**Q** 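This structure is in structure tokens; I'll ask about it shortly.
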There are 2 protein chains.
Amino acid sequence: MVGDTREAIREVALELFSTRGFDQTSLREIAERVGLTKASLYYHYPSKQELLTAIVAPLIEGWRTAAAEAESLAHSPENARVVLGRVLDVMLRNRSLAGIFLRDPAGVVSAAGTLWQEMLDMGTRLTTWLAGPDPTTADRLRAIAAMEVLGAALTSVTYLKEEVAEDELRAVLLDSATAALGLAEPS
Amino acid sequence: MVGDTREAIREVALELFSTRGFDQTSLREIAERVGLTKASLYYHYPSKQELLTAIVAPLIEGWRTAAAEAESLAHSPENARVVLGRVLDVMLRNRSLAGIFLRDPAGVVSAAGTLWQEMLDMGTRLTTWLAGPDPTTADRLRAIAAMEVLGAALTSVTYLKEEVAEDELRAVLLDSATAALGLAEPS
DNA sequence: GTCTATAAGAGGATAGAC
DNA sequence: GTCTATCCTCTTATAGAC
């Protein structure tokens with residue numbers, strides 16, 4: 001019932017990475033909080049980068065799934081809304097995790113270029129699908145804009161003092177993203 | 001016609017800060033590209049942080065102006081669109097500059113907390129104004145979402161292969177942000 | 001699995017010659 | 001104004017005892 005040291009490490013690291021940023025977080029700091037020494041961390045994870053990768057894996061996986069699901073659907077206004085909802089769910093399910101990318105993109109890029117590239121690719125796949133077949137430049141821009149709106153699931157915490165219930169956050173942002181994309185909202 | 005060394009430094013630093021991120025950019029690197037040594041940089045700027053501040057000042061100023069202008073207007077759908085347009089203009093006018101904040105928020109926070117706080121404050125002022133008087137939670141969320149859309153002025157470059165004319169970028173994003181905010185778009 | 005000790009190097013910053 | 005040389009601190013990472 002020790003509760004796995006590896007998990008404790010990931011937990012602390014996640015917390016620090018997503019608040020301070022990946023780069024501003026030192027292994028010494030992590031070790032300290034976990035109650036270990038740096039050297040012991042290295043027993044569990046061979047490098048800081050590997051630690052990041054291990055932490056971030058579920059989010060990547062979520063996005064990958066969302067992208068694949070999108071591509072299996074025919075493009076239509078209803079389906080676009082469904083897809084936006086799926087992506088939003090991934091964000092909400094991994095709020096603090098996603099914060100790492102939001103807080104310190106540059107750090108993640110330099111530490112794990114492949115990871116980042118994968119994320120960009122999935123972003124491209126999603127916006128491409130959202131833009132629809134034979135998209136104009138405007139279609140593509142609006143697809144990007146809609147995805148940006150979903151990012152508010154993370155940033156809103158910074159600007160709002162009060163807690164927002166997750167259902168409301170989801171409902172409002174989904175409507176807003178749909179509108180940003182250029183679709184009429186449901187009445 | 002030497003073209004001011006200070007300016008050359010700022011130019012190179014801007015380029016590196018906005019691509020690699022503030023933290024991933026070392027003074028050695030900047031100095032090298034400018035054709036100086038680190039020590040010489042320090043003659044012109046007393047610290048890395050001061051260099052950042054000097055570079056970023058115009059953008060902060062732009063936002064400050066935008067926030068002040070907003071607050072001088074009565075809240076209405078038309079004015080909301082005007083305000084969004086002003087903010088968008090600031091983003092477009094300072095694209096690479098704004099990229100610093102987008103690329104490495106964590107770095108900026110840790111290097112220049114005051115600067116960052118000021119930015120947050122202006123973000124708060126703008127979203128507060130956009131949300132209108134006596135806003136519901138939904139109003140506030142949509143205001144944040146609309147601001148996020150404007151961020152696409154920067155991120156779109158990552159996702160689109162082709163160059164987009166600035167007028168089109170402006171027009172499309174303004175419509176999209178307006179829609180995200182929950183206002184009908186002009187026909 | 002966890003420790004102490006240390007390597008190896010980069011970073012920001014300064015002193016002082018020219 | 002620009003240089004060389006150096007300081008100091010902190011980082012990631014490793015070696016090897018227990």
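Numbered from 1 within each chain, the chains take letters A, B, ... in sequence-line order. Owing to the predicted nature of the structure, the values given are computational and were not obtained by experimental measurement.
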**Q** Checking A/Glu163 now: which residues fulfil salt bridge (charged side-chain N to carboxylate O under 4.0 Å, His left out) with it, not counting sequence neighbours?
**A** none

**Q** Nucleotides 5-7 of chain D: which of its N/O atoms have a protein N/O under 3.5 Å away?
**A**
none

**Q** Just jot down the salt bridge (charged side-chain N to carboxylate O under 4.0 Å, His left out) partners of A/Arg28, sequence neighbours excluded, or say none.
**A** A/Glu32

**Q** By a strict heavy-atom criterion of less than 4.0 Å, which residues belonging to residues 17-27 of chain A are in contact with DNA chain D?
**A** A/Thr25, A/Ser26, A/Leu27

**Q** Decide, yes or no, whether a salt bridge links A/Arg81 with A/Asp175 under the criterion of side-chain N to carboxylate O below 4.0 Å.
**A** yes

**Q** So does A/Arg20 pair up with A/Asp104, basic N to acidic O under 4.0 Å?
**A** no

**Q** If the condition is side-chain hydrogen bond (donor to acceptor under 3.5 Å, both in side chains), which residues does A/Glu15 pass it with, not counting sequence neighbours?
**A** none

**Q** Can you list every pair that meets salt bridge (Lys or Arg N to Asp or Glu O under 4.0 Å) and has a residue in residues 123-135 of chain B, with sequence neighbours left out?
**A** B/Glu71-B/Arg125

**Q** Using side-chain contact (heavy atoms from CB on, under 4.5 Å) as the criterion, list what pairs up with B/Val109, not counting sequence neighbours.
**A** B/Trp116

**Q** Using heavy atoms and a sub-4.0 Å distance, could you list which residues of residues 48-56 of chain B are near DNA chain D? By number, please.
**A** none

**Q** What range of DNA chain C does chain B touch, first nucleotide to last, counting atoms under 4.0 Å from its heavy atoms?
**A** C/dG11 to C/dA15

**Q** Answer yes or no on whether A/Lys48 is positioned over the face of A/Phe22, meaning its NZ or CZ is under 6.0 Å from the six-membered ring centre and within 45° of the axis.
**A** yes

**Q** Run the side-chain hydrogen bond (donor to acceptor under 3.5 Å, both in side chains) test against A/Thr136 and tell me which residues pass, sequence neighbours left out.
**A** A/Asp139

**Q** Not counting sequence neighbours, which residues clear side-chain hydrogen bond (donor to acceptor under 3.5 Å, both in side chains) with A/Glu50? List them please.
**A** none

**Q** Quick check with a 6.0 Å cut-off and a 45 degree axis cone: is A/Arg140 positioned over the face of B/Tyr159's six-membered ring?
**A** no

**Q** Could I get the full list of salt bridge (charged side-chain N to carboxylate O under 4.0 Å, His left out) partners for A/Glu61, not counting sequence neighbours?
**A** A/Arg64

